[in-house]
Amino acid sequence: MKNWKFYNALFVRVLFVMVLFLATVLLFYKGFHYNALLVSVFVLIFLVEMYFFVKNQLLFYDKTINSILHDDFSAHFTEEHKKDNFNSLYLLYDTLKVQRQEQTSKELIYRSILNSIDTAALILEKENEDWSIFIMNDCFSSLFKVPKVSHWKYLKNYLPGLCNEIENVGFGELKTAISIKIEDQDLQTFMLQTSLTQTYNKEYFIILLDSIQRVIEKKEKEAWINLMKIISHELMNSLTPIRALSQNLLHIVNQDELENDDFEDIKSSISTIINRSDHLQVFVENYRKLAMLPTPNKQMTPINVLFEDCLRIMNPILKAENIELINEIKSSRSILIDKNQMEQVVINLITNSIHALKDKTEKKLILSSYTENNRFFIVISDNGRGVDPEIQDKVFLPFFTTRKDGAGIGLTLSKNIIEAHGGYLSYQTDSEKTDFVICLI
């Protein structure tokens, strides 16, 4: 046994005390009262010594156990305590100490990661029926000008709007936009996302807030990067062959004599340069259309008149492609639009549907409209193959196209025109149908 020394020492002390006690009784019985009294004193001394021996052993156990219970691992075992009687206790203490240090290190790393992100994050921990603040990252504290308070009720003093919104849903999962007033500043809009998670005996509530303006700026930056890649690609496709052909022409004209084959090479090179220049001119012209979209000249226009004029242009193409047109727009309601620009949008979207229906046997194009919440919606639907998931975030990107003969500006230009009218253009797609939705306020 690992504690054999302790048990042996205790056994020897108990045995010695019992022997002395029996000797005291015997001496007292024989009439040696003074001798019996003296031996009794020794019995008492040994009992006191045995008491402190056991107490010291148990006191060290209690002290160590209390340190473990209170997560206090600052105590150090002496070499004597690491052996013999306290060996098992030392191993337990040391194992828990290492685990606690590892857990603390992980918490520091998690907090460091949480503090390094530019999303406002708040993690609540449930205690009984109240919520306390487990972690508030630096972004949350600095963005909302809130000190790192420890309790939910204190946070309500600084951000009542946010706290009330979360309490209204009973600390449930939420994903919505919320307007928050920060000190004396104007209301700012944030994307609020919450989630609830539970460990073995703890419940945590995670709150994430992202500035919508920052999200928009990020998306715009990504769009500009993609746009510059496309522009660079188009420019290099034209400039590289033009430069190569120009060098070839320079080499030919520097010869002392020109042969008939040289003249043929010159003609071919010049023809190619002209073709590539024309392509580059068309590309630049398309970019100019996007960059210099004129301000809409809005006039009240009946919706049915708008579509009658558009369909007058597109009907021959629809018939030639055997596309069934289902026109559910019968309303004579007038809307405030630039008719020429809006015609361009509708024609672009119908053209887009025509190409989506190329490989379909049964081809349907559906036009519809409706009013909801003071907004007027126009829906152009087709039963084409839809938009592939890998290109869904590139649909409105300038010069992006999946067609060999496409310029890649139709949807981008349409989106810009609708936004210039104060509305928006969106789409929904699945394997059976694609809807392009124009929303006008």
Side-chain angles (χ1 to χ4, degrees), residues 282 285-286 289-290 293 296 299-335 337-371 376-388 391-392 394-421 423-440:
V282 170
E285 181 63 25
N286 285 333
K289 287 179 183 178
L290 292 175
L293 182 68
Q299 294 180 352
M300 295 303 292
T301 306
I303 185 67
N304 56 352
V305 173
L306 169 68
F307 274 87
E308 284 172 6
D309 291 345
C310 293
L311 293 176
R312 192 175 295 113
I313 298 170
M314 300 304 296
N315 265 329
I317 303 174
L318 295 173
K319 289 178 181 177
E321 295 289 336
N322 295 317
I323 297 173
E324 180 187 355
L325 175 64
I326 303 172
N327 185 5
E328 297 177 352
I329 299 176
K330 307 298 181 185
S331 172
S332 59
R333 172 179 178 170
S334 294
I335 52 176
I337 57 171
D338 184 317
K339 186 172 180 291
N340 291 331
Q341 288 188 2
M342 199 58 66
E343 280 181 0
Q344 189 173 5
V345 171
V346 174
I347 290 171
N348 283 343
L349 295 178
I350 292 176
T351 303
N352 193 63
S353 293
I354 291 171
H355 286 283
L357 292 166
K358 281 285 185 186
D359 301 325
K360 297 288 289 187
T361 305
E362 184 182 351
K363 305 177 182 182
K364 288 185 179 181
L365 177 66
I366 306 168
L367 309 178
S368 60
S369 66
Y370 63 94
T371 304
F376 185 73
F377 294 88
I378 299 171
V379 184
I380 298 175
S381 307
D382 63 70
N383 65 330
R385 59 186 180 88
V387 182
D388 295 333
I391 65 168
Q392 286 183 4
K394 300 177 182 178
V395 165
F396 295 113
L397 190 66
F399 308 112
F400 176 80
T401 181
T402 56
R403 305 201 308 264
K404 291 182 179 180
D405 58 341
I409 68 163
L411 288 176
T412 308
L413 186 59
S414 299
K415 184 173 183 290
N416 289 353
I417 289 172
I418 299 301
E419 288 176 353
H421 279 73
Y424 63 84
L425 175 63
S426 62
Y427 73 95
Q428 298 172 348
T429 185
D430 55 37
S431 58
E432 297 180 357
K433 189 176 71 165
T434 300
D435 298 337
F436 274 88
V437 182
I438 300 170
C439 174
L440 299 170

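Just so it is clear, the values below take in all heavy atoms, side chains as well, and ignore hydrogens, waters and symmetry mates.
Counting heavy atoms from C-beta on, the side chains of L325 and M314 never come closer than 4.5 Å. A heavy-atom distance below 4.5 Å is not found between the side chains of V345 and Q341. A heavy-atom distance below 4.5 Å is found between the side chains of L440 and M342. Between I329 and L306 there is no side-chain heavy-atom pair separated by less than 4.5 Å. Looking only at side-chain heavy atoms (C-beta outward), Q428 and K433 stay at 4.5 Å or farther from each other. Using a 4.5 Å cut-off on side-chain heavy atoms (C-beta onward), L311 and I350 make contact. Here the side chains of R333 and T371 are in contact, with some heavy-atom distance below 4.5 Å.
Separating the NE2 atom in H355 from the CG atom in D382 is a distance of 12.0 Å, to the nearest 0.5 Å. Here F436 contributes atom CZ and I418 contributes atom CD1; the two are 12.0 Å apart, rounded to the nearest 0.5 Å. Taking NZ of K360 as the start and CD1 of I323 as the end, the distance is 12.5 Å to the nearest 0.5 Å. Between atom OG of residue S381 and atom CG of residue D435 there is a gap of 3.5 Å, rounded to the nearest 0.5 Å.
With sequence neighbours excluded, no residue forms a ring pair (Phe, Tyr, Trp, His ring centres under 6.0 Å) with Y424. Scanning for side chain to side chain donor-acceptor pair (under 3.5 Å) contacts around E324 gives an empty result, with sequence neighbours left out. Checked against salt bridge (Lys or Arg N to Asp or Glu O under 4.0 Å), E419 has the following partners two or more places apart in sequence or in another chain: K415. Residues forming a side chain to side chain donor-acceptor pair (under 3.5 Å) with T434 (at least two apart in sequence, or on another chain): T429. In this structure, the side chain to side chain donor-acceptor pair (under 3.5 Å) partners of D309, at least two apart in sequence or on a different chain, are R312, K339. Listed by chain and residue number, nothing satisfies the side chain to side chain donor-acceptor pair (under 3.5 Å) test with T301 (two or more places apart in sequence, or in another chain).
Remark: side-chain polar atoms of N383 are paired, donor with acceptor, to backbone N or O of E362 under 3.5 angstrom. No donor-acceptor distance shorter than 3.5 angstrom exists from the side chain of N352 to the backbone of N348, with no hydrogens or angles considered.
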Decide yes or no on side-chain contact (heavy atoms from CB on, under 4.5 Å) for I380 and L365, but give the supporting numbers first.
-> CA-CA 7 Å; I380 298 175; L365 177 66; 4.0 Å; yes

Decide yes or no on side-chain contact (heavy atoms from CB on, under 4.5 Å) for I438 and L349, but give the supporting numbers first.
-> CA-CA 10 Å; I438 300 170; L349 295 178; 3.8 Å; yes

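Residue S414 comes nearest to L425 through the heavy atom pair CB-CD2, 4.0 Å, listed as atom of the first residue, atom of the second, then distance. Nearest approach of K363 to K358, heavy atoms of both residues: NZ-O, 3.8 Å. The nearest pair of heavy atoms linking M300 to S334 is CE-O, 3.5 Å.
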